[in-house]
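Since the structure comes first, as structure tokens, the remarks are kept for the end.
The shown structure was predicted, so the numbers you read here are calculated from the model rather than taken from an experiment. Both counts, for ligands and for their atoms, begin at 1 and track the order of listing. What's counted below: heavy atoms across the whole structure, side chains too, no hydrogens, waters or symmetry copies.
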Amino acid sequence: MTQPPLPAPSDHSEIVAPQGIRLTDSTLRDGSHAMRHQWTEGQVRAVVHALDRSGVEVIEVAHGDGLGGSSFNYGFSGTSEIDLIAAAVEEAEQARIAVLLLPGVGTVEDLRAAHGVGASVARIATHCTEADVSAQHFAAARALGMETVGFLMLSHRASPEVLAQQARTMVAAGAECVYVVDSAGALVLGDAQARVAALVEEIGPQAQVGFHGHQNLSLGVANSVLAQQQGALQVDGALCALGAGAGNAPTEVLCATFERLGIPTGVDVPGVMRAAEDVVRPLVPRLPWMDRSAIVQGTAGVYSSFLLHAERAADRYGVPAHRILQRVGEAGYVGGQEDMIIDVALQLLREDEAAARPS
Ligand SMILES: CC[C@H](O)CC(=O)C(=O)O
Ligand SMILES: [Mn+2]
């Protein structure tokens with residue numbers, strides 16, 4: 001299919017302090033999983049207010065599975081994401097509001113609607129070997145004048161070389177930054193380092209590189225620091241680590257750590273600590289944690305947002321969630337294959353019943 005020509009590249013270079021790191025907070029998107037997608041407009045305003053006044057430059061707001069995610073499969077949002085995005089835009093004085101879109105879950109129309117209420121950063125996410133499906137979404141975002149960011153999910157499933165080629169595909173499609181996304185919290189130190197280095201080498205002069213860490217093996221912050229040292233200019237976090245699976249690298253810890261390392265983030269550390277402790281924590285029914293299931297997600301390389309689906313299947317079929325997740329990892333299922341979690345649970349149940357039958 002022929003893609004429309006890209007508009008002239010926009011200059012978003014002003015958004016990153018030289019040698020510093022730009023932080024995008026995803027409490028109101030990745031953190032939406034831990035809230036079962038029930039953020040209210042008032043809560044969104046409170047979180048955006050606290051992040052914005054602390055100097056966080058980009059705040060992501062959407063259903064946990066991205067624009068258009070509100071559905072039977074992924075869980076219905078309590079409040080329309082467009083209303084939440086509009087409230088966030090209204091509340092922010094300096095921060096830019098970002099949205100995430102997975103082609104196939106959300107559409108270009110969803111992106112236009114988000115842009116229509118003031119979202120100005122489009123983050124387009126694909127499985128790490130399927131960057132080509134993002135082309136029309138990047139073209140649409142650029143045509144709207146949005147800043148563009150590519151998200152290569154489950155990055156542990158591709159070698160650094162393959163990932164770098166996928167990043168090149170996203171840049172050719174119009175991405176101004178491409179993220180190594182550790183969706184399963186499975187990258188262990190050097191794994192993250194090598195992937196970020198490969199992307200910096202491949203797309204470095206033309207586009208920035210980012211890193212999105214999860215805490216399954218408790219390495220979200222360490223991996224983010226290593227990413228910065230390899231040349232990443234953008235990292236993601238979430239207040240109180242709120243996010244899918246064991247949660248994201250905590251924004252407040254990232255900011256404090258980068259400050260200790262002398263890397264500017266432009267964020268007021270006491271301000272984000274207050275935002276985490278006083279604003280987000282009282283709102284959250286269950287903080288993400290590195291429990292057995294979450295650790296198995298890290299070791300077996302399972303998409304973080306499968307956790308709640310596996311827990312539901314565990315309740316329903318009486319098979320432990322960590323066993324379901326282990327099998328899901330062995331099968332190599334990717335985002336979008338949530339229904340296979342039920343199949344796995346039923347298969348385990350059949351196996352357990354067969355094992356319990358007297359021979
Ligand atoms: C819904 C997209 C996905 O969860 C993006 C993300 O945060 C990740 O892969 O970690
Ligand atoms: Mn994530």
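- Nearest heavy atom pair, residue Ser32 against residue Ala62, reads CB-O, 4.1 Å.
- Against a heavy-atom cut-off of under 4.0 Å, His214 is close to the following atoms of ligand 1: 10 (O).
- Heavy-atom contacts of Leu102 reach the following atoms of ligand 1: 1 (C), 2 (C) (cutoff under 4.0 Å).
- A salt bridge links Arg123 with Asp236: the closest approach of a Lys/Arg side-chain nitrogen to an acidic carboxylate oxygen falls below 4.0 angstrom.
- Closest approach of Ser134 to Pro103, counting heavy atoms only: CA-CG, 4.3 Å.
- If you check which protein heavy atom lies closest to atom 4 (O) of ligand 1, you get Tyr303 OH, 3.3 Å.
- In Ala125, neither the side chain nor the backbone holds a heavy atom less than 4.0 Å from any atom of ligand 1.
- Counting heavy atoms closer than 4.0 Å to ligand 1, residue Leu100 contributes side-chain atoms (C-beta onward) but none from N, CA, C or O.
- Among the candidates Val267, Val225, Val253, the single residue satisfying the side chain to side chain contact (heavy atoms under 4.5 Å, CB included) test with Phe258 is Val225.
- No other N/O/S atom of Asp30 lies as close to the Mn ion (ligand 2) as OD2 does.
- Ligand 1 has an N or O atom lying under 3.5 Å from an N or O atom of Asp30, backbone or side chain.
- For His212, the N, O or S atom with the smallest separation from the Mn ion (ligand 2) is NE2.
- Residue-ligand proximity, Val181 to ligand 1, at heavy-atom distances under 4.0 Å covers atoms 8 (C), 9 (O), 10 (O).
- Under a 4.0 angstrom heavy-atom cut-off, Gly64 registers as being in contact with ligand 1.
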Stepwise side-chain contact (heavy atoms from CB on, under 4.5 Å) check, Arg195 with Phe211: CA-CA 10 Å; Arg195 283 163 178 75; Phe211 183 77; over 6 Å; no
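- Salt bridge status for Glu311 with Arg286: present, with a side-chain N to carboxylate O gap under 4.0 Å.
- Relative to atom 7 (O) of ligand 1, the option among Arg29, Met153, His63 with the closest non-hydrogen atom is Arg29.
- At a 4.0 Å heavy-atom cut-off, ligand 1 does not touch Val105 at all.
- For the atom pair CH2 of Trp289 and CD1 of Ile295, the computed distance is 9.0 Å after rounding to the nearest 0.5 Å.
- Salt-bridge check for Arg281 with Glu252: failed, with every basic side-chain N at 4.0 Å or more from each acidic carboxylate O.
- Here's the thing with Ser183: one of its N/O atoms is less than 3.5 angstrom from an N/O atom of ligand 1.
- Counting atoms of ligand 1 from 1 in the listed order, those under 4.0 Å from a heavy atom of His212 are 6 (C), 7 (O), 8 (C), 10 (O).
- Paired with Leu254 under the rule side chain to side chain contact (heavy atoms under 4.5 Å, CB included), one option of Val272, Thr265, Val221 passes, and it is Val221.
- Under 3.5 Å, the side chains of Gln326 and Arg323 contain no donor-acceptor pair of N or O atoms.
- Metal site remark for the Mn ion (ligand 2): Asp236 contributes no N, O or S atom at a distance under 2.8 Å.
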